[in-house]
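Before any comments, here is the structure.
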Amino acid sequence: MSDVVDRMLAAMNAHDLDAVLRCFAPGAVVVGPEMEAGDPEEIGSYILQMWEGFPDLRFTLWGKVSHGDALATEMQAAGTHRGPYLIADGQVLPPTGRFTSVRSSWFWHLADDLVVSQRYYYDQLELYTQLGLRMPLSFDATG
């Protein structure tokens with residue numbers, strides 16, 4: 001059952017958008033802290049935005065737990081912020097050059113060896129702190 005997840009993670013690490021999108025069933029939905037996407041164009045746009053912000057982004061799978069057509073994964077996402085990155089409030093953070101390493105959990109609903117839905121969670125504060133941001137988010141010189 002988790003073959004499609006293995007294929008997707010390999011494609012994500014290879015930055016192969018076509019291979020990533022082939023893992024999704026028609027009408028698949030992806031939901032995360034910054035977005036909700038319901039078609040391949042929206043999903044692809046978000047993935048490309050991540051890769052633009054973190055061109056060396058890689059995922060390391062730590063574990064999987066499955067039950068029926070549901071799968072939960074825990075992993076680490078690591079990369080260097082070398083490009084523009086759209087943050088949760090809609091602003092674009094210019095490159096900081098900082099390396100980030102963030103724990104995340106992804107939850108999958110699978111059917112016919114395709115992803116029907118994917119929901120992912122990570123600690124945004126952990127990422128934003130590593131990028132040098134402070135709460136509340138501020139981009140001016142006074143912080």
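- The residues E74 and R103 are annotated as not salt-bridged, no charged nitrogen and carboxylate oxygen being separated by less than 4.0 angstrom.
- Closest heavy-atom contact between G44 and L17: CA-CD1, 3.8 Å.
- Contact of the M75 side chain with the R58 side chain is not registered, since no non-hydrogen atoms from C-beta on lie closer than 4.5 Å.
- Minimum interatomic distance between A19 and A11 (heavy atoms only, all atoms of both residues): CB-CB, 3.6 Å.
- At a threshold of 4.5 Å between non-hydrogen side-chain atoms, the residues M12 and L57 do not count as touching.
- Residue I47 holds its CD1 atom at 12.0 Å from CD of E42, rounded to the nearest 0.5 Å.
- Counting heavy atoms from C-beta outward, R82 and F54 have side chains that stay 4.5 Å or more apart.
- Checked against the 6.0 Å centroid threshold, F59 and W106 count as a close aromatic pair.
- E36 and V31 get closest at one heavy-atom pair: CG-CG2, 3.7 Å.
- Looking at every heavy atom in both residues, L21 comes nearest to P40 through CD2-O, 3.9 Å.
- Hydrophobic clustering of Ile, Leu, Val, Met, Phe, Trp and Tyr side chains at less than 4.5 Å, counting indirect connections, unites L133 with L127.
- Residues Y121 and Y128 do not share a hydrophobic cluster, defined by chaining ILVMFWY side chains whose heavy atoms lie under 4.5 Å apart.
- Contact between T96 and L131 at its shortest, heavy atoms only, is CG2-O, 3.7 Å.
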- Q118 vs V115, side-chain contact (heavy atoms from CB on, under 4.5 Å): CA-CA, chis, key distance, verdict: CA-CA 7 Å; Q118 175 191 10; V115 176; 4.1 Å; yes
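- Within the 4.5 Å cutoff, the side chain of L110 has heavy atoms near those of the L71 side chain.
- R7 and D113 are joined by a salt bridge, as a carboxylate oxygen and a charged side-chain nitrogen come within less than 4.0 angstrom of each other.
- For the pair R119/H109, no side-chain contact is recorded, criterion being any heavy-atom separation below 4.5 Å from C-beta on.
- Under the 4.5 Å side-chain heavy-atom criterion for Ile, Leu, Val, Met, Phe, Trp and Tyr, W51 and V102 are members of the same hydrophobic cluster.
- Side chains of Q49 and Y85 form a contact here, defined as non-hydrogen atoms less than 4.5 Å apart.
- A donor-acceptor pair shorter than 3.5 Å can be found between the side chains of T73 and W108.
- Cluster annotation: L9 and Y46 are assigned to the same hydrophobic cluster (Ile/Leu/Val/Met/Phe/Trp/Tyr, side-chain heavy-atom contacts under 4.5 Å, transitive).
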- Message: side-chain contact (heavy atoms from CB on, under 4.5 Å), that's the test. Do L93 and H81 meet it? Break it down for me.
- Response: CA-CA 9 Å; L93 178 65; H81 181 219; 3.6 Å; yes
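- Taking CG of L61 as the start and CG of D6 as the end, the distance is 7.0 Å to the nearest 0.5 Å.
- I43 places a side-chain heavy atom less than 4.5 Å from the side chain of F24.
- Looking at T100 and T80, their side chains never come closer than 4.5 Å, going by heavy atoms from C-beta outward.
- When atom types are taken as modelled, the side chain of S45 and the backbone of E41 share no donor-acceptor pair closer than 3.5 angstrom.
- In the hydrophobic cluster analysis, where Ile, Leu, Val, Met, Phe, Trp and Tyr join through side-chain heavy atoms closer than 4.5 angstrom, V30 is grouped apart from F107.
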- Task: Would you check, one step at a time, whether the test side-chain hydrogen bond (donor to acceptor under 3.5 Å, both in side chains) holds for S101 with Q76?
- Result: CA-CA 7 Å; S101 177; Q76 175 187 27; 2.2 Å; yes
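- Taking both residues in full, the closest heavy atoms of M8 and C23 are given as CE-CB, 3.6 Å, listed atom of the first, atom of the second, then distance.
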